[in-house]
Visitor: 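Below you will find the structure I want to go over with you.
Letters A, B, ... are given to chains in the order of the sequence lines, protein chains preceding strands, and every chain is numbered from 1.
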There are 2 protein chains.
Amino acid sequence: MQHQKLATIEDVAALAGVSIATVSRAINEPTKVADETRRKVTEAIARTGYTTNAMARSLRMRRSNMILILAPDVGDPNFSNILVGLETEASKRGYGVLIGNTQNDASRETDYLRFISSNQADGLILFTGHLPYGFGQDGTEGRLPPMVAVNEPVPNADVPFVGVDNFEGARIATEHLISQGHRRIAFVGRSHGREVNRLREEGYRKALAGAGIAIDPRMIIDGDGTTESGRAAAELMFVRDVLPTAFFCVNDATALGVIISLNARHYDLPRQFSIMGFDDISFSSFVTPSLTTMKQPRHRIGEAAMELLLELLAGEKPHEQQVLLRAELIVRNSVSRVG
Amino acid sequence: MQHQKLATIEDVAALAGVSIATVSRAINEPTKVADETRRKVTEAIARTGYTTNAMARSLRMRRSNMILILAPDVGDPNFSNILVGLETEASKRGYGVLIGNTQNDASRETDYLRFISSNQADGLILFTGHLPYGFGQDGTEGRLPPMVAVNEPVPNADVPFVGVDNFEGARIATEHLISQGHRRIAFVGRSHGREVNRLREEGYRKALAGAGIAIDPRMIIDGDGTTESGRAAAELMFVRDVLPTAFFCVNDATALGVIISLNARHYDLPRQFSIMGFDDISFSSFVTPSLTTMKQPRHRIGEAAMELLLELLAGEKPHEQQVLLRAELIVRNSVSRVG
DNA sequence: TGCCTCTATGTAAACCTTTACATCATTCAT
DNA sequence: ATGAATGATGTAAAGGTTTACATAGAGGCA
C-alpha cells in the first residue's frame, strides 16, 4: 500500500556519474555547474523520476515553505473568498497553505501553534483578531513568528494588518444614502467589542457630520453582525416608534435581518425604507430587494496579505504596517431616492 | 527576524540526564520508560520549551501527517462547508490539511502533485472528479497515493468515493412534487458530461415511473448547473410554450435562475409554478420565494471522506468503496399544492 | 616556468528525529 | 547458586537534503 521507495538524489548522482552535491547545485543553482554536467543531471532526473524530498530539504534549510492560515470559521463565505487570493499568491511563490479552523476555541488555537513551533509552517495569517491563545501571554512577544492579520486587526500587538478600509467605506455608503435625500439614517450594528463595527460607525458619523446632519442617538442600534441581530434591531425601532427613512447596516448579514423584518411587516421596499449593507456577500444580489452595498475586494485582500507575509519571511521590513483597500459601492435595488 | 534556535531533543536529554533515545520514548511510548525517568523528561521538556521538529520526524518516519485537498474552486460555498468537516476530522486525528486550488488548470494540478511526490502530504482528497493531470496517464495507475474522491466520483479509476446519494435524493425531491399533485414536472439541468446531473436525472425518471407518469422529453432541458443555465432553460420553455406546473432543478444555482426568470415575467410564485432545488446552499433560504430543496449533509460528507482516507492511510482496506449519504428534504415556500 | 585566480566538482558535516540492537541490572525459577 | 527472562536505558545508524570547505585542473600573467 505504501509508496514504493522513491528515487533519491544519490540515485540521480550515480546515474549521472557525478556527486550528490553537483546534483543539488544543478537543481538549485544551475549557473554554477557546467553545461554538459547539467545536461547529464537533467537527464538522470528525468530517467529516475526524482523529486526532491521536501522533508529533508525543510529539515536542512529550516524552512518549510508553508503558511498556516488560522480562521475562526473556514465555512464563512467571507473567508473562503479571501482564501482564494491567499492561495493564489502563495502558490505563485512556491508556498503551500495549511488551514486551521479554530472555531474560536482556545485549545484548538494552541494546538495549531505546533505547526509553527515544530517548523511545519514558516508564517501565519490570522483571521481571528487576536494572537493565538498561548502566544504573547507571558513575555514572549519578542518571539512572535512572522505573521499578518486579515479582516480583524490584532489589538495591542505589532502585527501588520490587511483589510478593507471600513471607515472610508462606511462613509461612502452613508454619503450615498444622503445623496439620495435621506437625512434620518439609522446605524444598525453598534458594538463595543468589535473593531470593525466601531470603524464603520465612525464612518457613518463622519458622513453625517460632513452633511451637517445631527446625530440622533436613538438611531444607533446595537448589534453583533448576525442576521438575527438585524431583525431584532428593526423590531426594536418599531417598538420605540422612532423610524428612519434608511437603515445603514454594519454588514450584509445584518441588512438581511432588517429586510426580513420589514418584509414581514409588508412594507414596500425600497419605497418605504431604504437599506444599505456592507460586504457584498453572495446572497446580496438575490434577496428581494437586491441589496445595495459596499463590496469588499476579497481576492485582493488575500493577495495583499500574502504578499506582505512573504516580504516578512524574506526578512524585509514590510512596505506597510497596514494595508487598507477601498470598498466599492455596488448599487442595486434596496435604496431609493426620498424627499 | 528568524526564530532563534529552538530546543532539540538533545537539549532535553542533557537537562534530564538521559539519552536522546529515552527522551524520544518518553514522548512517544511513555509506558516504556520508568516513572521517575518520565517525570524528569517531562520537566526538562517544560523547562526548555521543546517541541518535536516535525520535519525531522517526517523525514525519519516517511510520513508527514498532512492531507492535500485538491479542489477546482476553493471559493465555492459547497466546497467550504465540506472543508469544515474534513478539517475537523483530520485535526482530531492529528493530521493537518493543505489546500490546493486547481481552477481546473492542468498545470496547477500537476504542480500540486509535488506535495505528494515529495512526501509533503500522505494522502489526497479530490474534488475535481478526475485524477490530477499527470497521474495515471501512462501505466502508473498502480502507484496512486491513498486518496478519496468527494462530490464528483473519478471515472475509470479505483478511487473510493464519498458524496450525497444523488439518485435517491432526486427521487425523493421529485416524489415530493408528485405528492403535492404535480404531474407535469420539468427537469432542468440534463448534462451528458456530468455524472452528478445524470444521477439526479435518473432519480427524477425513477420517481415519475414509480408514479406511473409518462416522461415527456420536452420537459427535460439541458443545463450545466449555473444560474444562467437555469434562466435560459425557463425562457426556452416559454418560447416552446410547453409549460410544466413544477420545475425540478438539478441544483439550487439552477433553481435560482429559474426563479429569476419567472419573477421577471411577474408570475406569482409558488402559486403559478413550483420550484424545487437540490443542495441547499446558503442563499436558498433568502430568495423569494425561499427555496424548497434537498440538503446535502456537507459536514458529514467531509468527515466521512476523511475517515475513509485515514483508514486507507492506516493500511486498512476501506470499509466501503463508496459512501452515499442521504440528502434531506427541506420544505420552504417554493412548492405549492396543485390540482 | 612558477604562481595566482577562477571554475567545476567532490567530501563530509549538519539539520533532528526514530528505532534496531546492544548492554546492563534485576528478578525469578530451578 | 546459576541461568534465563524481563525491563530500562544507551549507542549508533538511517532518513535525504544543502552547503562550507577542500581539491583539482585550467588559464593568465610575469
Visitor: Without swapping roles, check the side chain of D11(B) against the backbone of T8(B) for a donor-acceptor pair under 3.5 Å.
Guide: yes

Visitor: T37(A) side chain: which of dT17(D), dT9(C), dA12(D) is closest?
Guide: dT9(C)

Visitor: Tell me which of V18(A) and E29(B) sits closer to the 5' end of DNA chain C, going by the nucleotide each one is nearest to.
Guide: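 Its nucleotide being nearer the 5' end, the pick is V18(A).
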
Visitor: Check the distance between dT17(D)'s P and L6(A)'s CG and give it to me in whole angstrom.
Guide: 9 Å

Visitor: Give one of base, sugar-phosphate or nothing for T51(A), where a contact means two heavy atoms less than 4.0 Å apart.
Guide: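 Since only primed, P, OP1 and OP2 atoms lie under 4.0 Å of T51(A), the category is sugar-phosphate.
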
Visitor: Considering just the side-chain nitrogens and oxygens of N28(A), establish if one lies under 4.0 Å of OP1 or OP2 belonging to dT18(D).
Guide: yes

Visitor: CG of N53(B) versus P of dG15(D): gap in Å, rounded?
Guide: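 Going from CG in N53(B) over to P in dG15(D) covers 18 Å.
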
Visitor: Hey, are S64(A) and D122(A) close enough side-chain-wise for a donor-acceptor pair under 3.5 Å?
Guide: yes

Visitor: Side-chain N or O of T22(B) less than 4.0 angstrom from OP1 or OP2 on dT9(D)?
Guide: no

Visitor: Between K92(A) and E87(A), is the closest basic N to carboxylate O distance under 4.0 Å?
Guide: no

Visitor: Taking NZ from K32(A) and C1' from dG10(C), how many angstroms apart are they, rounded to a whole number?
Guide: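 From K32(A) NZ to dG10(C) C1': 15 Å.
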
Visitor: Between N28(A) and R57(A), is the side chain to side chain donor-acceptor pair (under 3.5 Å) condition met? List the steps.
Guide: CA-CA 12 Å; N28(A) 302 308; R57(A) 160 181 261 153; 2.7 Å; yes

Visitor: Using OP1 and OP2 only, check whether a side-chain N or O of S19(A) sits under 4.0 Å from dG10(C).
Guide: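 Looking at the OP1 and OP2 atoms of dG10(C), one of them is under 4.0 Å from a side-chain N or O of S19(A).
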
Visitor: Mapping I27(A) and A21(B) to their closest nucleotides on DNA chain D, which lands nearer the 5' end?
Guide: A21(B)

Visitor: Under 4.0 Å between any heavy atoms, over every strand shown, what does A34(A) touch: base, sugar-phosphate, or nothing? Just pick one.
Guide: sugar-phosphate

Visitor: Write down the distance between CZ (R62(A)) and C1' (dC16(C)), rounded to a whole number of angstrom.
Guide: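 Rounded to whole Å, this separation is 10 Å.
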
Visitor: Nearest whole angstrom, please: distance from the C1' of dG15(D) to the CZ of R57(B).
Guide: 14 Å

Visitor: Counting the atoms with a prime plus P, OP1 and OP2 as sugar-phosphate, which does S58(B) contact under 4.0 Å by heavy atoms, base, sugar-phosphate, or nothing?
Guide: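 Contact class for S58(B): none.
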
Visitor: Do other residues, nucleotides or ligands put more than 12 heavy atoms under 6.0 Å from Q321(B) CD?
Guide: yes

Visitor: Please state how far atom CD1 in I9(B) lies from atom P in dT9(D), giving the value in whole angstrom units.
Guide: 15 Å

Visitor: Would you say the base of dT17(D) and the side-chain of R60(A) have a donor-acceptor pair closer than 3.5 Å?
Guide: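 No pair found.
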
Visitor: How many Å lie between CZ on R25(A) and C1' on dT9(C), as a whole number?
Guide: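 Going from CZ in R25(A) over to C1' in dT9(C) covers 6 Å.
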
Visitor: Select base, sugar-phosphate, or nothing to describe what S24(B) touches, counting heavy atoms under 4.0 Å on all strands.
Guide: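 Base contact - S24(B) has a heavy atom under 4.0 Å of at least one base atom.
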
Visitor: Atom NZ of K40(A) to atom P of dA8(C): distance rounded to whole Å?
Guide: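 So the NZ-P distance, K40(A) to dA8(C), works out to 14 Å.
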
